[in-house]
Enquirer: 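I have a structure I would like to understand better, so I am pasting it below and will then ask my questions one at a time.
Heads up: numbering here begins at 1 and tracks the sequence. Remember, predicted model here, so these are calculated numbers, not experimental data.
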Amino acid sequence: MRNKKGFTLIELLAVIIILGILMIIAIPAVTEYISSSRKSAYITTASRYIDGVRNKINAAEIPVYDKETTYYIPGSCVSMEKGGKSPYGDWEEYYVVVTYDGTSYDYYWTSRDETNTGIYLTYQDLLDVDRIENNVTSISTNIGVGDREKILLLKDSCDINDAEELVAISSIPEKGTSDGSETEEPGNITYKEEILNGTDPKISGALIPITIEDDGTIKKADTTSKWYSYEEKRWANAVILKDEGNSYNNGEVIPEEEIESYFVWIPKYSYKLWDLGNYTSNTEIDESKVHSIDIRFGNINTSDTVEGECTTPKVSGESGNCEVGDYMTHPAFLAFNTTGMWVGKFETGYSGATSISGANKNTTEVNKVIVKPNVYSWRNIQVANAFTVSYNYKRELESHMMKNTEWGAVAYLSHSNYGINGEIRINNNSNYLTGYAAINEPTKDYPEYTDYGTSSSVTQAYNTSTGYLASTTGNITGVYDMSGGAHEYVMGVQVAESGLPLSGRHNIYNSGFNGTLGCPICDVGTVSGVDSSIISVINGINLPSSKYYDSYKVNSNGNMRNRILGDATGEMGPFGTIQTTGTIEQCGESGICNRPVGSWYGDTSSFVHASYPWFYRGSHYTYGSGSGVFFFIVSYGHAGSGVSFRLVLCI
């Protein structure tokens, strides 16, 4: 019979002891493995969010172009199908932080989850598990990178127009260096003008700061010394070269033939309201309304909560809580969250044109853009094509076609202590050459005005004592062609009943943007090709984001109260009518033209409506005394032989 044996007590104890020893050895290792895996997953997740934001920036879905701003972009702006959570729990705060140096982007990460596991602001290349801390109770969004004082904190909407502007209370070195040495680069602006209160010009990308001598000689500016003075009415200028690879030393002359485009800096400001522009009809003008507009430079937006200020309404026909006497931040600076904008110094020209007809091009040839004196203004172009050219010119500089409110910002600054503070002389050059000025101040309105032409006895170039009078400053540093030259389309348009902008009048006269037509039956039988059955444009160009245009409420002709405060339309009232005489073609069978005008210098004034939904600004060389920076009339958005456009850069 076989003996049956079991484990003895000693053997069982030995096994238990061995298992205990193994557990003592294994559990910490497993725990460490789990912890290490979680930390690695944390870093991997952070890197995925950075990649997601990088893709959105590269696709221009999140415009990040300001060299002097630290951008905090919430992780919620990036869609993650899976793996988007912290390995420890839900996110409480998590941001991809971005900076731009004019040519490339740098990415940083900061985060905290519900277990208070987090990473303080860290450059992407330095992200590793050693950066993870266990007692991060809050994340500061007031930490800048390098010497950037401005912070834009995007909200969950991911719309940069809704971002909150903060001021850095501390900073980390750029790119995670110990001393921040990588933040320094040639060309950084160091000169600051006290009265600008932080709205000094920004140089980025292809822009080169310059000084302009009275004869038009261009030199590269030394930005460590005084190269502009708004207090002295000498506005900052910059150029873009034809060959961006060329470089110049400070003080070195830049040959005119090397320059592609000139721009002038308009600093962010608020202005004192004098008239809310609530006019519904023409009555009589009041010349006593003309005055020096009170301007306060600064990058802090006005608010209803501050006595003597109001929050900018930014909406057609609305005044918000604004009253006469309040200071209001000009709306032109709000859409792009900028401390200023670079405005084309001249009307946009067509490179290579050697005649008037050579610059009549309804195309989107962005390589033909020039913004220079003494060139043929680019005309006969639909609004949609003009916008496309402008938008594609310098994407990294947020280039776009001038909006109606942006025109207003230049106009108001010109009529302040920092500008010419008076009427700007008309460009009466009948060849549509940019930068010219009439020798004699016009005394007659269209169509009686005939003192235009190309002779030096009638019109002179921008770099002459007469030419200076056509500048917004009364000297060579200002913006030109704001009166006369060609009409200028701006991105300002009436909406349809649907709330979307109208494309134009009918299927023949329209902007080229997709949208409803304001008067499909107009001109049937008088304009060839008009088809009243076509009620909208559907095969054109889609409208851009709303930040690129000003929209105006459904309107009836003469209802100026649908202005946007700051656009230099309704506020130029009250409005009246004057009579001039002309031919049947000009004035109809009576030979009498009834011209609507505003109180400011009698500049011609008419407001958008369904049949004429797009704004012209500045007027035409034939308009004489009716021309001016406060001139505004309406059109269809179509390609007109006497209509040009202007570029703006926002960085």
Enquirer: Are Ser455 and Ser457 close enough that a side-chain donor and a side-chain acceptor fall under 3.5 Å?
Expert: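 Note: Ser455 and Ser457 side chains meet the donor-acceptor criterion.
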Enquirer: Would you give the length of the straight line joining atom OG1 of Thr69 to atom CG of Asn337, rounded to the nearest 0.5 angstrom?
Expert: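 Going from OG1 on Thr69 over to CG on Asn337, the span is 9.0 Å.
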Enquirer: Listed by chain and number, what are the salt bridge (Lys or Arg N to Asp or Glu O under 4.0 Å) partners of Asp275, not counting sequence neighbours?
Expert: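 With neighbours one apart ignored, the set is Lys289.
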Enquirer: Ala437 and Ala470: which non-hydrogen atoms are nearest, and at how many Å?
Expert: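 What the structure gives for the nearest pair is CB-CB, 3.6 Å.
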Enquirer: How long is the gap from CD on Glu396 to CG on Leu649, to the nearest 0.5 Å?
Expert: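 That separation rounds to 9.0 Å.
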Enquirer: Donor-acceptor check, side chain of Ser471 to backbone of Thr473, threshold 3.5 angstrom: yes or no?
Expert: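 Checking the backbone N and O of Thr473 against the side chain of Ser471, a donor-acceptor pair under 3.5 Å is found.
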Enquirer: Ring centres under 6.0 Å, that's the criterion: do Trp274 and Tyr412 meet it?
Expert: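 For Trp274 and Tyr412, the ring centres are under 6.0 Å apart.
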Enquirer: Tyr601 side chain to Phe631 main-chain N or O, any donor-acceptor pair under 3.5 Å?
Expert: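 Judged by distance alone, no pair lies under 3.5 Å.
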Enquirer: Can you check whether Gly419's main-chain N or O pairs, donor with acceptor, with Lys233's side chain at less than 3.5 Å?
Expert: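 Yes.
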Enquirer: Using 0.5 Å steps for rounding, measure from the NE2 atom of His638 to the CG atom of Asn380.
Expert: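 These two atoms lie 8.5 Å from each other.
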Enquirer: Measure across Lys220 and Ile208 and return the closest heavy-atom pair with its distance rounded to 0.1 Å.
Expert: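 Shortest heavy-atom separation between Lys220 and Ile208 comes out as CG-CG2, 4.0 Å.
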Enquirer: Using a distance-only test with no angle check, is there a side-chain donor-acceptor pair under 3.5 angstrom linking Thr329 and Thr302?
Expert: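 Yes, because at least one side-chain N or O of Thr329 sits under 3.5 Å from a partner of the opposite role on Thr302.
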Enquirer: So Thr454 and Asn431, side-chain hydrogen bond (donor to acceptor under 3.5 Å, both in side chains) or not? Walk me through it.
Expert: CA-CA 7 Å; Thr454 60; Asn431 275 347; 4.7 Å; no
Enquirer: Trp342 and Pro201: which non-hydrogen atoms are nearest, and at how many Å?
Expert: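 Between these two residues, the closest heavy atoms are CZ2-CB, 3.8 Å.
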Enquirer: Between Asn475 and Arg234 (side chain of the first, backbone of the second, donor and acceptor by atom type, cut-off under 3.5 Å), is there such a pair?
Expert: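 Side chain of Asn475 to backbone of Arg234, a donor-acceptor pair under 3.5 Å: no, none is there.
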Enquirer: Measure from the side-chain N and O atoms of Gln494 to the backbone N and O of Leu502, and report whether any donor-acceptor pair falls under 3.5 Å.
Expert: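 Side chain of Gln494 to backbone of Leu502, a donor-acceptor pair under 3.5 Å: no, none is there.
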Enquirer: As an exercise, state the distance from OG1 of Thr580 to CD1 of Ile592, rounded to the nearest 0.5 Å.
Expert: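 So the OG1 of Thr580 and the CD1 of Ile592 are separated by 9.0 Å.
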Enquirer: Between Trp600 and Phe630, does the ring centroid distance fall short of 6.0 Å?
Expert: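 Judged by ring-centre distance (under 6.0 Å), Trp600 and Phe630 do meet the cut-off.
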Enquirer: Who passes side-chain contact (heavy atoms from CB on, under 4.5 Å) against Thr459, sequence neighbours left out?
Expert: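 Partners of Thr459 by the side-chain contact (heavy atoms from CB on, under 4.5 Å) criterion, ordered by chain and then number, come out as Asn428, Asn429, Tyr436.
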Enquirer: Evaluate Tyr548 against Phe336 for ring pair (Phe, Tyr, Trp, His ring centres under 6.0 Å), listing each step before the verdict.
Expert: CA-CA 9 Å; Tyr548 292 108; Phe336 296 92; 5.5 Å; yes
Enquirer: Do Tyr262 and Lys372 have side chains that approach each other closer than 4.5 Å (heavy atoms only, starting at C-beta)?
Expert: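 Tyr262 reaches Lys372 side chain to side chain.
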Enquirer: Do the side chain of Ser625 and the main chain of Asp445 share a donor and acceptor less than 3.5 angstrom apart?
Expert: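 Judged by distance alone, yes, a pair lies under 3.5 Å.
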Enquirer: When you look at Ser319 and Arg563, which way does the side-chain hydrogen bond (donor to acceptor under 3.5 Å, both in side chains) test go after all the steps?
Expert: CA-CA 10 Å; Ser319 301; Arg563 82 292 174 267; 2.8 Å; yes
Enquirer: Is there a side-chain contact between Thr338 and Lys268, using heavy atoms and a 4.5 Å cut-off?
Expert: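 No - every pair of side-chain heavy atoms lies 4.5 Å or more apart.
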Enquirer: Taking Tyr228 as the fixed residue, which of Thr477, Thr223, Asp200 is the one that meets the side-chain hydrogen bond (donor to acceptor under 3.5 Å, both in side chains) rule?
Expert: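 Result for side-chain hydrogen bond (donor to acceptor under 3.5 Å, both in side chains) with Tyr228: Asp200.
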Enquirer: Measure across Tyr480 and Gly435 and return the closest heavy-atom pair with its distance rounded to 0.1 Å.
Expert: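 That would be CD2-O, 3.9 Å.
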Enquirer: Please find the pair of heavy atoms, one from Leu196 and one from Thr199, that lie closest to each other, and give the distance.
Expert: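 So the minimum-distance heavy-atom pair works out to O-OG1, 2.7 Å.
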Enquirer: Would you say the ring centers of Tyr350 and Tyr376 fall short of 6.0 Å from each other?
Expert: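 Centroid separation for Tyr350 and Tyr376: 6.0 Å or greater.
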Enquirer: If every non-hydrogen atom of Ile426 is compared with every non-hydrogen atom of Ser627, which pair is closest and at what distance?
Expert: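 What the structure gives for the nearest pair is CD1-OG, 3.4 Å.
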Enquirer: Between the side chain of Asp214 and the main-chain N/O of Ile476, is any donor-acceptor distance below 3.5 Å?
Expert: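 No, the answer is negative, given that no donor and acceptor are paired below the 3.5 Å cut-off.
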Enquirer: In this structure, is the centre-to-centre distance between the rings of Tyr552 and His609 below 6.0 Å?
Expert: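 No; Tyr552 has its ring centre 6.0 Å or more from that of His609.
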Enquirer: For Tyr269 together with Phe333, are the ring centres under 6.0 Å from each other?
Expert: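 Yes, the ring of Phe333 comes within the 6.0 Å limit of the ring of Tyr269, centre to centre.
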Enquirer: Closer than 3.5 angstrom, by distance alone: can the side chain of Glu423 be matched with the main-chain N or O of Gly628 as a donor-acceptor pair?
Expert: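 Not confirmed, Glu423 side chain does not pair with Gly628 backbone.
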Enquirer: Is there a side-chain contact between Tyr489 and Phe387 in this structure, where contact means two heavy atoms from C-beta onward sitting under 4.5 Å apart?
Expert: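 Tyr489 does not reach Phe387 side chain to side chain.
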Enquirer: Taking Asp451's backbone N and O only, do any of them form a donor-acceptor pair with Tyr449's side chain (distance below 3.5 Å, no angle check)?
Expert: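 Pair found, side chain donor or acceptor close to backbone of Asp451.
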Enquirer: Output the distance between atom CD1 (Ile564) and atom NZ (Lys403), rounded to the nearest 0.5 Å.
Expert: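 If we round to the nearest 0.5 Å, Ile564:CD1 and Lys403:NZ are 8.0 Å apart.
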Enquirer: For the rings on Phe632 and Tyr616, is their centre-to-centre separation under 6.0 Å?
Expert: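 They do not qualify: ring centres at least 6.0 Å apart.
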Enquirer: Sequence neighbours excluded, which residues qualify as side-chain contact (heavy atoms from CB on, under 4.5 Å) partners of Ala221?
Expert: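 By the side-chain contact (heavy atoms from CB on, under 4.5 Å) rule, Ala221 matches Pro209, Thr211, Trp227.
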Enquirer: Starting at NZ of Lys150, measure out to OG1 of Thr339 and round the result to the nearest 0.5 Å.
Expert: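 The NZ atom of Lys150 sits 5.5 Å away from the OG1 atom of Thr339.
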Enquirer: Evaluate Asp550 against Asn404 for side-chain hydrogen bond (donor to acceptor under 3.5 Å, both in side chains), listing each step before the verdict.
Expert: CA-CA 6 Å; Asp550 296 311; Asn404 203 29; 5.4 Å; no
Enquirer: Which label fits Phe615 and Phe607: parallel for a plane angle under 30°, tilted from 30 to 60°, or perpendicular past 60°?
Expert: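 Judged by the thresholds at 30° and 60°, the geometry between Phe615 and Phe607 is perpendicular.
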Enquirer: Can you see whether Thr434 engages Asp481 through a side-chain donor-acceptor pair at a distance of less than 3.5 angstrom?
Expert: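 There is no such pair (donor and acceptor under 3.5 Å, judged by atom type) between the side chains of Thr434 and Asp481.
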Enquirer: Filter on disulfide bond (SG atoms under 2.5 Å apart), then keep only pairs touching residues 397-427, sequence neighbours left out; what's left?
Expert: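 Applying disulfide bond (SG atoms under 2.5 Å apart) to every pair that reaches into residues 397-427, excluding sequence neighbours, yields nothing.
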Enquirer: Looking at Asn301, is its backbone amide N or carbonyl O close enough to the side chain of Ser303 to form a donor-acceptor pair, meaning the two atoms are under 3.5 Å apart?
Expert: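 Not confirmed, Ser303 side chain does not pair with Asn301 backbone.
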Enquirer: Could you note down all residue pairs passing disulfide bond (SG atoms under 2.5 Å apart) where residues 299-328 supplies at least one of them, sequence neighbours left out?
Expert: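 For residues 299-328, and leaving out neighbouring residues, the disulfide bond (SG atoms under 2.5 Å apart) pairs sorted by first residue read Cys310-Cys322.
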Enquirer: Determine, step by step, whether Glu232 and Lys226 satisfy the salt bridge (Lys or Arg N to Asp or Glu O under 4.0 Å) criterion, reporting the C-alpha distance in whole Å, the side-chain angles of both residues, the deciding distance to 0.1 Å, and the verdict.
Expert: CA-CA 12 Å; Glu232 298 171 5; Lys226 182 178 178 179; 2.8 Å; yes
Enquirer: Salt bridge check, Lys553 against Glu318: does any charged N sit closer than 4.0 Å to a carboxylate O?
Expert: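 Result for this pair is yes, salt bridge flagged.
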Enquirer: Checking side-chain polar atoms at under 3.5 Å, does Thr472 have a donor or acceptor matched by the opposite partner on Ser414?
Expert: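 Their side chains do not contain a donor-acceptor pair, so the 3.5 Å distance test is not met.
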Enquirer: Taking the side chain as C-beta and beyond, is there a heavy-atom pair between Leu207 and Val239 under 4.5 Å?
Expert: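 In short, these two side chains do not touch, never coming nearer than 4.5 Å.
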Enquirer: List for me each residue that meets salt bridge (Lys or Arg N to Asp or Glu O under 4.0 Å) alongside Lys547, sequence neighbours excluded, and say none if there are none.
Expert: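 Testing Lys547 for salt bridge (Lys or Arg N to Asp or Glu O under 4.0 Å), a comparison that skips the adjacent residues, returns Glu398.
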Enquirer: Salt-bridge test for Glu309 and Arg296: reply yes if a basic N is under 4.0 Å from a carboxylate O, no otherwise.
Expert: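 Yes.
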Enquirer: Taking Glu213 first and then Lys219, would you say they form a salt bridge - that is, a charged N and a carboxylate O separated by under 4.0 Å?
Expert: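 Salt bridge flag = yes for Lys219 with Glu213.
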Enquirer: So does Glu347 pair up with Arg379, basic N to acidic O under 4.0 Å?
Expert: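 Judged by the 4.0 Å cut-off on N to carboxylate O distance, Glu347 and Arg379 do not form a salt bridge.
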Enquirer: Testing Phe297, Trp265, Trp235, Tyr271 for ring-ring contact (aromatic ring centres under 6.0 Å, His included) with Tyr418, which one passes?
Expert: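 It is Phe297, the one option of Phe297, Trp265, Trp235, Tyr271 that forms the ring-ring contact (aromatic ring centres under 6.0 Å, His included) with Tyr418.
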